[in-house]
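In what follows, chains are A, B, ... by sequence order, proteins preceding strands, each numbered from 1.
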There are 4 protein chains.
Amino acid sequence: MPSNDDILDIATAIFADKGFEGARMDQIAKAAKVNKATLYYRIGGKEALISAVLKRLFSAKVARLEQALETIDDVEERVRAFAATLVDGDHPEQFSAIMLREVAAGGRNLPDDVLPLMGRLVGALERTLSQGVDEGRFKPVSPFLTHMLLLGGCALYATNAPIRRRVAAQAPGVASLKTELPLEDVAHALADLLLDGIKKT
Amino acid sequence: MPSNDDILDIATAIFADKGFEGARMDQIAKAAKVNKATLYYRIGGKEALISAVLKRLFSAKVARLEQALETIDDVEERVRAFAATLVDGDHPEQFSAIMLREVAAGGRNLPDDVLPLMGRLVGALERTLSQGVDEGRFKPVSPFLTHMLLLGGCALYATNAPIRRRVAAQAPGVASLKTELPLEDVAHALADLLLDGIKKT
Amino acid sequence: MPSNDDILDIATAIFADKGFEGARMDQIAKAAKVNKATLYYRIGGKEALISAVLKRLFSAKVARLEQALETIDDVEERVRAFAATLVDGDHPEQFSAIMLREVAAGGRNLPDDVLPLMGRLVGALERTLSQGVDEGRFKPVSPFLTHMLLLGGCALYATNAPIRRRVAAQAPGVASLKTELPLEDVAHALADLLLDGIKKT
Amino acid sequence: MPSNDDILDIATAIFADKGFEGARMDQIAKAAKVNKATLYYRIGGKEALISAVLKRLFSAKVARLEQALETIDDVEERVRAFAATLVDGDHPEQFSAIMLREVAAGGRNLPDDVLPLMGRLVGALERTLSQGVDEGRFKPVSPFLTHMLLLGGCALYATNAPIRRRVAAQAPGVASLKTELPLEDVAHALADLLLDGIKKT
DNA sequence: TATGAATGAGTGTTCATTCAT
DNA sequence: GATGAATGAACACTCATTCAT
């Protein structure tokens with residue numbers, strides 16, 4: 001019998017793939033190998049399932065992020081670690097896909113108690129950037145805009161593989177579409193690209 | 001009697017708001033003030049409506065983009081114009097929302113004849129960047145990754161206003177969440193942030 | 001294709017038999033020979049169906065009642081006509097069953113616009129009784145209590161046939177259970193019983 | 001741990017309020033503060049619960065009725081006591097509501113062993129009336145119809161308070177709706193109304 | 001061309017009941 | 001005897017789509 005956590009794993013995968021509106025409770029129950037009524041007994045309904053998935057997803061991401069930054073002193077490394085953590089974990093594209101859809105939906109499904117987590121996400125980068133400024137190594141840039149670039153760039157890259165491949169197959173001219181790099185390297189590269197603009201020369 | 005283009009306008013707005021799965025044909029017909037059967041008669045069905053919306057959306061965006069770049073010589077200005085065009089138009093958040101959702105969905109709904117448009121989007125930036133390199137003004141950076149950052153940053157910012165406000169209301173500590181700038185200024189700022197890293201010193 | 005009125009006929013019969021909670025929309029659709037979705041398209045949902053049935057039921061009863069009283073001058077005859085009308089019509093037990101259940105339910109399902117009809121029901125009897133008093137033929141009795149007796153007695157008798165027969169079969173001793181009279185005779189007898197107490201001697 | 005009798009108390013209240021079809025085993029278990037599985041273990045299921053409630057309800061009513069009549073000799077007083085007993089007890093509206101619904105349902109849920117109780121209910125009144133005839137005080141009237149009037153009038157009045165108030169609020173014209181008397185006075189008044197018609201002058 | 005009406009196949013949810021311990 | 005967890009079968013309602021006119 002799958003645990004509630006197993007159910008959330010399955011639901012996360014399906015929500016990432018189909019979106020909240022497109023996902024079917026039947027399908028989730030079947031994929032999780034629990035009776036649909038059991039799914040309702042244990043979780044409580046679609047809305048509760050969505051909330052639980054979002055909460056777990058963002059909690060875990062923020063926890064890993066704060067943990068990662070804890071042990072790193074160098075501000076440049078911190079920025080790189082930030083980007084890397086955005087796309088780490090077992091199914092990095094799930095976090096990205098759900099986050100992108102939820103942003104597009106205006107956060108309609110975000111429970112109030114998940115919002116502070118998003119604040120901590122921005123806050124972590126904000127502190128890193130101001131520390132860099134204090135150390136005389138970073139120019140003073142808008143933390144929120146930097147966050148948008150990094151998060152948007154990482155999330156978009158993490159989820160656009162299927163489109164990229166289709167476009168690449170159709171448009172042999174655009175060379176830059178063809179490279180397939182590990183997500184981790186891409187996060188590093190994206191961070192470096194940004195850092196080049198942020199660092200004081 | 002609304003024209004097909006009027007219908008696509010309405011459909012675009014609703015798809016941006018609710019997603020393809022969340023949008024209802026009833027609602028679109030009602031909002032467009034056409035009979036539901038007429039909607040089917042003129043457009044052909046939900047899938048056809050989605051295709052038409054996506055095609056028109058990306059055609060228009062690419063057209064405006066290429067037109068904008070046509071008249072600009074300076075490579076830095078071209079990058080800024082690129083960002084600005086990503087968020088211009090009457091309802092910039094609609095393009096962003098639909099694009100983000102579609103990327104998250106793996107491009108499931110993108111008709112084949114829309115794919116070349118995405119290639120042209122990347123291609124336009126790629127040419128600008130390589131021109132900058134040729135002119136000795138840009139470092140050689142990955143055009144696709146740059147594209148991810150710029151597109152992701154702009155689209156995320158263009159759609160995250162509702163969430164940003166909720167987070168800002170709950171987390172008075174994070175100062176950078178509070179600023180509310182016009183989208184076009186933000187696009188400009190994001191481009192500058194990136195340009196700082198791309199430009200040769 | 002059955003008309004909406006045909007559907008209400010069927011729904012009334014099923015509601016009378018099973019109660020609102022016990023009736024199933026599937027069953028009503030099937031019995032009315034319309035597709036379930038058609039039932040919803042035409043009526044709007046269970047609550048709307050209940051409201052429509054209640055409204056039509058009480059409208060018709062009050063209309064027939066007021067029409068019947070219109071042409072009768074003699075106050076005793078008016079009381080008898082009142083009782084007779086309570087149990088007239090094609091399926092008198094349906095009105096009685098639905099009314100009894102609804103009273104037991106505290107009028108939970110009675111739409112606001114049906115309430116005035118109930119007022120007219122009581123009002124019609126009230127006017128008749130006070131006319132009888134004015135004419136010096138009736139003692140002054142509480143119209144509402146009289147209404148309770150007459151309505152309760154008629155409705156109970158109109159619906160209790162199945163129980164009465166079962167009890168009669170089991171209890172051969174109770175002679176008065178065995179008589180099976182036409183409903184309209186019973187209404188007449190009930191009215192006479194009451195009139196005996198109301199009439200001035 | 002609540003006794004089975006406590007459970008039946010709760011079930012009776014909920015059945016009276018919601019009807020058998022509208023009542024939920026979950027709700028009953030929760031209100032009775034027993035585990036749902038315990039409810040099944042101790043009572044046996046919804047049908048058994050309904051049977052138990054009906055049996056206890058009618059047993060108690062008949063017992064109180066026969067006990068009340070036992071000590072009264074005067075036939076008029078007996079009729080008044082009959083009416084009074086119909087609406088006595090802790091929650092008189094519960095008996096009335098359940099009885100009305102069950103009559104409307106054609107006695108579908110009445111177990112065979114409850115039927116004799118209904119016979120004794122009618123029988124008690126029948127004996128009183130024939131005694132009155134024997135004593136030369138009552139006219140010979142149908143005991144069953146008299147029973148219908150008295151039981152219907154009392155039960156209807158005992159349960160229609162919510163509707164009466166709503167109607168009264170909407171129809172200020174109908175004066176007789178406004179009086180709010182104790183149930184026991186009403187029973188007395190209803191009995192008197194009937195007695196006036198039954199008594200020999 | 002346009003549309004009011006109709007519908008097969010879902011869709012989220014509930015409920016009486018049963019298990020395993 | 002008692003119970004937390006599980007479930008098959010409904011159940012009210014919806015939706016993209018199609019007809020008939």
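- At whole-Å resolution of the value, CE in A:Met25 and C1' in F:dT14 are 17 Å apart.
- Closest to the A:Asn35 side chain, of the nucleotides E:dT18, F:dG8, E:dG4, is F:dG8.
- Using modelled atom types and a 3.5 Å distance limit, the side chains of A:Asp9 and A:Thr12 yield no donor-acceptor pair.
- Among the protein residues, D:Ala29 comes within range of no part of the nucleic acid, since none of its heavy atoms lies under 4.0 Å from any strand.
- Taking atom OH on A:Tyr41 and atom C1' on F:dA9, their separation rounds to 19 Å, with Å as the unit.
- For F:dA5, the OP1/OP2 oxygens have no side-chain nitrogen or oxygen of A:Arg42 closer than 4.0 Å.
- Contact check, D:Tyr40 against E:dT17: a side-chain N or O comes under 4.0 Å of OP1 or OP2.
- For the OP1/OP2 pair of E:dT14 and a distance below 4.0 Å, the side-chain nitrogens and oxygens of D:Arg24 include no atom meeting the criterion.
- Side chain of D:Thr38, nearest nucleotide from E:dC19, F:dA12, F:dA2: F:dA2.
- Residue C:Met1 places its side chain closer to E:dA6 than to any other of F:dA16, F:dC13, E:dA6.
- Base pairing annotation: E:dG4 forms a Watson-Crick or G-U wobble pair with F:dC19, both donor-acceptor distances under 3.5 Å.
- With hydrogens and angles left out, the side chain of B:Lys36 and the base of F:dT17 share a donor-acceptor pair within 3.5 Å.
- No more than 12 heavy atoms of other residues, nucleotides or ligands lie within 6.0 Å of CG in B:Asp90, so this atom counts as exposed by the packing criterion.
- D:Ala48 comes within contact range of no nucleotide atom at all, as no heavy-atom separation falls under 4.0 Å.
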